*Asks:* 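Supplied in structure tokens, the structure appears directly below.
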Amino acid sequence: MALSDTPTFPVRPDNRPALDRIRYRLGGYPDILESMLRELNAAPELAAWTHRAPDDPGIALLQSAAVVGDILTFYQEHYANEAFLRTAKWRESIQELVRLTGYRLAPAIGGIATFALEVRGTEPITVPAEFPLKCELAPAPDPVDFLTTAETTALPQFGKFRLYRGRWVYGGLSLHATRFEIASIGGLADPGTLGAFDLKKGDKLMLVASPPTWLTSGTSASTQKSSQILKVREVTRMLGRVIIDIEGHVDQAWSGAVKAYRVNRSFRHFGHNTPPKTTYQTGSGATLETQMVDAHTQRHVGTWPSYDLCYADPPKHLYTPLPINVLPLDQEVNDLSLGANVIAELSFNLTNALIATDQRKVTLVYPIRALTTLTMS
């Protein structure tokens with residue numbers, strides 16, 4: 001082994017500030033062995049000992065001592081790095097260093113997780129409390145152990161399922177919206193009810209606002225939000241959700257829950273196509289007189305039971321009196337059913353005058369209570 005002229009042991013480390021790791025070893029195996037051989041060569045009483053190969057017991061002893069020195073200096077440098085906060089790697093070292101400032105690390109808290117158990121077979125299985133579960137987490141190098149918090153019953157039919165984040169449905173429709181989601185049908189929001197709703201491309205939905213309070217409370221007449229009919233362009237079903245794309249867009253903003261009804265067809269009120277003039281005769285014999293008056297079809301929607309279809313000329317024998325809860329259609333219909341909803345769009349006058357002076361528009365939804373076929377005038 002050749003020896004350098006400049007001794008390399010012990011090393012005097014020189015570390016600049018702000019290092020992630022410092023050097024603190026006095027030397028490694030080569031440095032320690034070289035130093036001991038240098039001392040051996042300089043000893044006069046050992047001048048006759050000239051053999052330096054490892055097969056010599058004395059040289060082998062020196063090499064063994066250098067190995068021990070290498071190990072001790074390695075741990076010396078490692079412990080020196082653990083003595084400074086910037087270079088420490090062990091949790092215990094950091095904990096003891098920050099303790100000098102009065103800071104205490106927060107204790108570890110066990111995590112809470114939700115597991116899905118797959119059960120095979122046909123019989124339910126009871127999973128007891130504190131049942132051990134093992135899970136591999138990405139940040140952790142080793143599997144993590146969990147214990148169940150309570151006893152539960154695992155059913156085979158639920159052996160495979162997926163967990164999804166809870167669905168949040170926006171309460172309302174924004175102006176110019178072209179897509180929205182159906183949150184519930186008839187007040188039911190379960191996936192079975194939503195999945196059974198047979199809505200397809202080309203169907204029509206009618207947005208209807210809540211009826212005005214003055215219809216029942218007698219308060220002043222306010223304006224109801226106008227209804228709108230939307231045509232379905234596409235229906236997307238995924239994960240128990242029903243998402244609707246429409247042709248065109250929503251023409252006004254809706255706040256809160258919005259009710260939509262599927263519209264199959266439309267009818268007109270009987271008498272909507274009344275001719276401009278009505279001719280009738282009064283009297284008899286010499287007093288027979290022919291009269292012509294402006295025609296009109298007028299309905300009372302108040303709560304007075306005496307109000308009927310028309311209340312002014314012509315005389316009552318020319319028309320069929322109707323109560324306020326009867327809606328005559330302009331054509332014969334044979335397939336309506338009891339309980340089905342009818343949406344009525346009305347334009348009405350707040351006064352009894354034949355000439356509209358203060359009109360309001362309102363859209364109301366009523367269930368069919370009875371069906372009657374009759375001939376009307």
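Keep in mind it's a predicted model, so treat the numbers as computed, not measured.
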*Asks:* Is there a side-chain contact between Leu26 and Gln76 (heavy atoms, below 4.5 Å)?
*Replies:* yes
*Asks:* Counting only N and O atoms by type, is there a donor-acceptor contact under 3.5 Å from the side chain of Gln331 to the main-chain atoms of Phe267?
*Replies:* no
*Asks:* Going by heavy atoms in the side chains, are Lys134 and Phe146 under 4.5 Å from each other?
*Replies:* no
*Asks:* Does any part of the side chain of Ile182, heavy atoms only, come nearer than 4.5 Å to the side chain of Leu194, both counted from C-beta?
*Replies:* yes
*Asks:* Do other residues, nucleotides or ligands put more than 12 heavy atoms under 6.0 Å from the CD atom of Glu332?
*Replies:* no
*Asks:* Let me confirm one number: the CZ-CG distance from Phe131 to Leu147, rounded to the nearest 0.5 Å.
*Replies:* 10.0 Å
*Asks:* If we only count heavy atoms from C-beta on, is the Leu62 to Leu37 side-chain gap below 4.5 Å?
*Replies:* yes
*Asks:* To the nearest 0.5 angstrom, please state how far the CZ atom of Arg99 sits from the CG atom of Leu97.
*Replies:* 11.0 Å
*Asks:* Does Tyr24 belong to the same Ile/Leu/Val/Met/Phe/Trp/Tyr cluster as Phe84, with side-chain heavy atoms less than 4.5 Å apart forming each link?
*Replies:* no
*Asks:* State which residues pass salt bridge (Lys or Arg N to Asp or Glu O under 4.0 Å) with Asp20; sequence neighbours excluded, sorted by chain then number.
*Replies:* none
*Asks:* So, the side chain of Glu82 versus the backbone of Trp90: is there a donor-acceptor pair under 3.5 Å, distance only?
*Replies:* yes
*Asks:* Please tell me if the side chains of Val342 and Ile368 come closer than 4.5 Å, counting only heavy atoms from C-beta onward.
*Replies:* yes
*Asks:* Testing the basics here: between Pro367 and Gly339, what is the closest heavy-atom pair and its distance to 0.1 Å?
*Replies:* CB-O, 4.2 Å
*Asks:* Could you pull out the closest heavy-atom pair between Thr236 and Glu234, with the gap in Å?
*Replies:* OG1-OE2, 4.0 Å
*Asks:* Given the rule in the side chain to side chain donor-acceptor pair (under 3.5 Å) test, do Arg52 and Asn41 qualify, once you have shown the distances and angles that lead to the verdict?
*Replies:* CA-CA 10 Å; Arg52 296 292 184 265; Asn41 295 338; 2.6 Å; yes
*Asks:* For residues Tyr75 and Ile22: do they belong to one hydrophobic cluster (side chain heavy atoms under 4.5 Å, members Ile, Leu, Val, Met, Phe, Trp, Tyr)?
*Replies:* no
*Asks:* Working to the nearest 0.5 angstrom, can you tell me the gap between Ile32 CD1 and Leu72 CG?
*Replies:* 8.0 Å
*Asks:* Which atoms form the tightest heavy-atom contact between Pro128 and Thr148, and what is the distance?
*Replies:* O-OG1, 2.9 Å
*Asks:* With rounding to the nearest 0.5 angstrom, report the CZ to CZ distance, Arg237 to Arg241.
*Replies:* 13.5 Å
*Asks:* Just by distance, no angles: are the side chains of Asn15 and Arg21 close enough, under 3.5 Å, to form a donor-acceptor pair?
*Replies:* no
*Asks:* Are there more than 12 heavy atoms of other residues, nucleotides or ligands under 6.0 Å from atom CG of Asp335?
*Replies:* yes
*Asks:* Are side-chain heavy atoms of Leu364 and Ile343 found at a separation under 4.5 Å?
*Replies:* no
*Asks:* I'd like to check the side-chain hydrogen bond (donor to acceptor under 3.5 Å, both in side chains) partners of Arg23; sequence neighbours left out, ordered by chain and number.
*Replies:* none
*Asks:* If you define the side chain from C-beta out and look only at heavy atoms, does anything of Leu327 sit under 4.5 Å from His269?
*Replies:* yes
*Asks:* Can you name the closest pair of heavy atoms from Pro54 and Ala60 and give their distance?
*Replies:* O-CB, 3.6 Å
*Asks:* Determine all donor-acceptor pairs shorter than 3.5 Å in which one atom belongs to a side chain in residues 195-210; sequence neighbours excluded.
*Replies:*
residue : atom : partner : partner atom : Å
Asp203  : OD2  : Lys200  : N            : 3.1

*Asks:* Once rounded to the nearest 0.5 Å, what's the spacing between atom CD1 of Ile94 and atom CD of Glu92?
*Replies:* 9.5 Å
*Asks:* Indicate whether the side chain of Glu345 and that of Ser227 have a donor and an acceptor atom separated by less than 3.5 Å.
*Replies:* yes
*Asks:* Going by the rule side-chain hydrogen bond (donor to acceptor under 3.5 Å, both in side chains), which residues pair with Arg233 if we only count those two or more places apart in sequence or in a different chain?
*Replies:* none
*Asks:* Using the ring of each side chain (for Trp, its six-membered ring), is His78 parallel, tilted or perpendicular to Phe74, with breaks at 30° and 60°?
*Replies:* parallel
*Asks:* Taking atom CZ of Arg268 as the centre, does the number of heavy atoms from other residues, nucleotides or ligands within less than 6.0 Å exceed 12?
*Replies:* no
*Asks:* If you take all heavy atoms of Thr122 and Pro156, which pair is closest and at what distance?
*Replies:* C-CG, 3.6 Å
*Asks:* Of all residues at least two apart in sequence or in a different chain, which pass the side-chain hydrogen bond (donor to acceptor under 3.5 Å, both in side chains) check with Thr290?
*Replies:* Gln281
*Asks:* For Glu289, does the CD atom have more than 12 heavy-atom neighbours from other residues, nucleotides or ligands under 6.0 Å away?
*Replies:* yes
*Asks:* Can you confirm whether Ile112 is buried at CD1, in the sense that more than 12 heavy atoms of other residues, nucleotides or ligands lie under 6.0 Å from that atom?
*Replies:* no
*Asks:* Check this for me, if you would: do Arg25 and Asp70 make a salt bridge, where the nitrogen-to-carboxylate-oxygen distance has to be below 4.0 angstrom?
*Replies:* yes
*Asks:* Can you find a pair of side-chain heavy atoms, one from His272 and one from Thr274, that are under 4.5 Å apart?
*Replies:* no
*Asks:* How long is the straight-line distance from OG1 of Thr87 back to CD of Glu77, given to the nearest 0.5 Å?
*Replies:* 10.0 Å
*Asks:* Please output the side-chain donor-acceptor pairs of residues 243-255 that fall under 3.5 Å, not counting sequence neighbours, one pair per line with the distance.
*Replies:*
residue : atom : partner : partner atom : Å
Asp245  : OD1  : Arg179  : NE           : 3.0
Asp245  : OD2  : Arg179  : NE           : 3.4
Asp245  : OD2  : Arg179  : NH2          : 3.1
Gln252  : NE2  : Ser226  : O            : 2.7

